[in-house]
Amino acid sequence: MAGGSSSSFFSQFWSSALRSKPTLRNSSHVILANPAGGLVRRLGPFDLLLLGIGASIGAGIFVVTGTVARDAGPGVTVSFLLAGASCILNGLCYAELASRFPAVVGGVYMYTYTTFNELTAFLVFAQLNLDGHIGVASIARSLASYIVNILELIPSVKDNIPNWVGHGGDEIFGFLSINILAPILLLLLTIILCRGVPESTLLNSIMTITKVTIILVVIIVGGFEVDASNWSPFAPNGYKPMLTGATTAFFAYVGFDAVANLAEESKRPQRDLPIGMIGSLVVCLVLYMGVCLVITGMVPYKLLGEDAPLAEAFKSKGLNSVSVLISIGAIAGLTTTLLVSLYVQSRMYVGIGRDGLLPAIFSKVHPTRHTPIHSQIWVGVVASILAGLLNVDLLSHILSVGTLTCYSVGAACVMTLRWDDIDDDDVDSTDQVSTMSRMTDIIVIASCGFAAGIIYRYSDSTLEYMFLILPIAIAVLAFADLQFGQGWHICSAHQVFNRMCESS
């Protein structure tokens, strides 16, 4: 009897775990009107663009650029160009998914639930949830530290603020570190988010415009201090540090995917979501490259600092006022990143609460403020506890792999949905065989790219680099078959553009 009950339980569990949401696959059947008391469509393309920029550009633009430049030299510009190009490819995948599912909240979690199954979607949510909470806590501690640094510019305050207020107290047991200011900042932002979308988007718009303006001022002022001789040689340590630096620069762009979670609050999601994602990536790419050229032109790359390289570069030129402006820009950048992260995290809880994978209270939306207050408070409280008690910096770097995992799942959703589109069209077996061949080509290219990366990472001599020829050659052949073979083609940009035009 017990064995039969256990078998029935596991059978029911797997039946639930493997179900999906096929009803959302045809976006033309989705009604864009919101239910009474639900989220309201208030966000236009400019709002989404600013939210994407706010999520992507934090203090990293003032720090990561110098960190990569210390190894890559002026070639750091190429590192950020390569990283930006790869993120734009990911952005195109998210743009197509957003145009397919324009009226659902949950982002990549909902895309996975619709394309694959409930178990995979829940694992994606768990990864994003863990990564998001720790990331928010880490950003809050950095913001608290920057604010204390600004306060310490006042002579009467300098050296009178204990470390446990903003910088973080001494570590206990290797991971406990008290910080009072970080949870206070998180709770203040949570209150603003609970008040409603207009208040939070207004704060994000003000902060984002402020930091972009400061970055433009830095680029323009720094341009007059550039010494072109500092750009020669452009790649002093060879091309390898530039490629390796691209992996570090990649994480400076993450955040554009936050826009995908705002589909249910976008006025015209099929048009506006792709504009917000791709537009924010292009803006970030231009700003990063401008900062890279300025910082490596002002100071020889070997003399760049590690903690605040951009501010130190301006100090070395006697422009102390600009270095203070940079600190203000860093505070604005961290504030917007923190605000958007808290905002998006709560929307993910709304999606999974509606599906019954978490208590229904997480899906409830305030009837007048039209914001998920319960989810927002939960996200703010959990992040505040982590930021106030734990030194989460090391763990946040480890969990960055979660971002890559979710981007890979998003790309897999696009390929799977394309496959299903062909099946739905009742094509003949020859076309289905051609489709399978294309899918095989994509898998081969991805596997060869992974193998080439491993060989490149651990090769030290020219002879060892010769082993790169094999995976590269196989990938080229697979790409040629993919591009010039008959049948299905892996090109999504025109489809996204067509959907945008149809919706407008």
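- Put simply, CZ on R70 and CG on N237 are 11.5 Å apart, with the number rounded to the nearest 0.5 Å.
- When the shell of 6.0 Å around CZ of F46 is examined, it contains 12 or fewer heavy atoms from other residues, nucleotides or ligands.
- Going from atom CZ of R347 over to atom CD of Q376 covers 6.0 Å, rounded to the nearest 0.5 Å.
- Here the closest non-hydrogen pair linking A144 and A182 is CB-N, 3.9 Å.
- No donor-acceptor pair closer than 3.5 Å links the side chain of T120 to the backbone N or O of Y113.
- When side chains are defined from C-beta on, I178 counts as touching L389, because their heavy atoms get closer than 4.5 Å.
- Between the side chain of S138 and the backbone N or O of I134 there is no donor-acceptor pair closer than 3.5 Å.
- Using a distance-only test at 3.5 Å, with no hydrogens or angles considered, a donor-acceptor pair links the side chain of T336 to the main chain of G333.
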Check against side chain to side chain contact (heavy atoms under 4.5 Å, CB included), L293 and W231: CA-CA 8 Å; L293 289 172; W231 289 335; 4.3 Å; yes

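- A distance of 11.0 Å separates CD1 of I361 from CD1 of I373, quoted to the nearest 0.5 Å.
- I377 CD1 to S384 OG: the interatomic distance, rounded to the nearest 0.5 Å, is 11.5 Å.
- Of all heavy-atom pairs spanning L43 and D47, the tightest one is CA-OD2, 3.7 Å.
- For the pair I275 and L48, the minimum side-chain heavy-atom distance is 4.5 Å or more.
- Pairing each heavy atom of V136 with each of S341, the nearest pair is CG2-CB, 3.6 Å.
- Taking the six-membered ring for Trp, F125 and Y349 have ring centres closer than 6.0 Å.
- Within the 4.5 Å cutoff, side-chain heavy atoms of I352 are placed close to those of F122.
- Annotation for S205 and L50: closest pair OG-CD1, 3.5 Å, computed over non-hydrogen atoms.
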Do F250 and N90 pass the side chain to side chain contact (heavy atoms under 4.5 Å, CB included) test, and can you show the C-alpha distance, the side-chain angles, and the key distance before you say yes or no? CA-CA 11 Å; F250 176 85; N90 282 296; 4.1 Å; yes

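- What you find for A137 and A383 is that their closest heavy atoms are CB-O, 3.9 Å.
- Panel note: side chain K211, backbone I57; a donor-acceptor pair is recorded below 3.5 Å.
- Between L203 and L189, the closest side-chain pair of non-hydrogen atoms falls below 4.5 Å.
- Taken from CG in L143 to CG in L186, the straight-line distance is 8.5 Å, to the nearest 0.5 Å.
- No side-chain heavy atom of L281 sits under 4.5 Å from any side-chain heavy atom of M277.
- With rounding to the nearest 0.5 Å, the separation of CG in L342 from CG in L193 is 6.0 Å.
- When every heavy atom of A140 is checked against every heavy atom of L185, the shortest pair comes out as O-CD1, 4.5 Å.
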Identify all side-chain donor-acceptor contacts of residues 71-89 below 3.5 Å with residues at least two apart in sequence or on another chain.
unit_1: T77; atom_1: OG1; unit_2: P74; atom_2: O; d: 3.3
unit_1: S79; atom_1: OG; unit_2: M242; atom_2: O; d: 2.7
unit_1: S86; atom_1: OG; unit_2: A83; atom_2: O; d: 2.7

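- Each of V108, V414, V409 was checked for a side-chain contact (heavy atoms from CB on, under 4.5 Å) with C93, and the lone residue meeting it is V414.
- Remark: side-chain polar atoms of S56 are not paired, donor with acceptor, to backbone N or O of I53 under 3.5 angstrom.
- Residues M348 and L128 have side chains in contact (heavy-atom distance under 4.5 Å, counting atoms from C-beta outward).
- Judged purely by atom type and a 3.5 angstrom limit, S145 has no side-chain atom pairing as donor or acceptor with the backbone of R141.
- At distances below 3.5 Å, not a single donor-acceptor pair connects side-chain atoms of S266 with backbone N or O atoms of L262.
- Among residues two or more places apart in sequence or in another chain, the side chain to side chain contact (heavy atoms under 4.5 Å, CB included) test is passed with V382 by H133, W378, L386.
- You'll find the side chain of Y301 stays beyond 4.5 Å of the side chain of N230, heavy atoms only.
- Using a 4.5 Å cut-off on side-chain heavy atoms (C-beta onward), F314 and L325 make no contact.
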Please step through side chain to side chain contact (heavy atoms under 4.5 Å, CB included) for the pair N129 and Q345, ending with a clear verdict. CA-CA 7 Å; N129 185 37; Q345 281 286 106; 3.6 Å; yes

List the steps and the verdict of side chain to side chain contact (heavy atoms under 4.5 Å, CB included) for V379 and T190. CA-CA 8 Å; V379 171; T190 299; over 6 Å; no

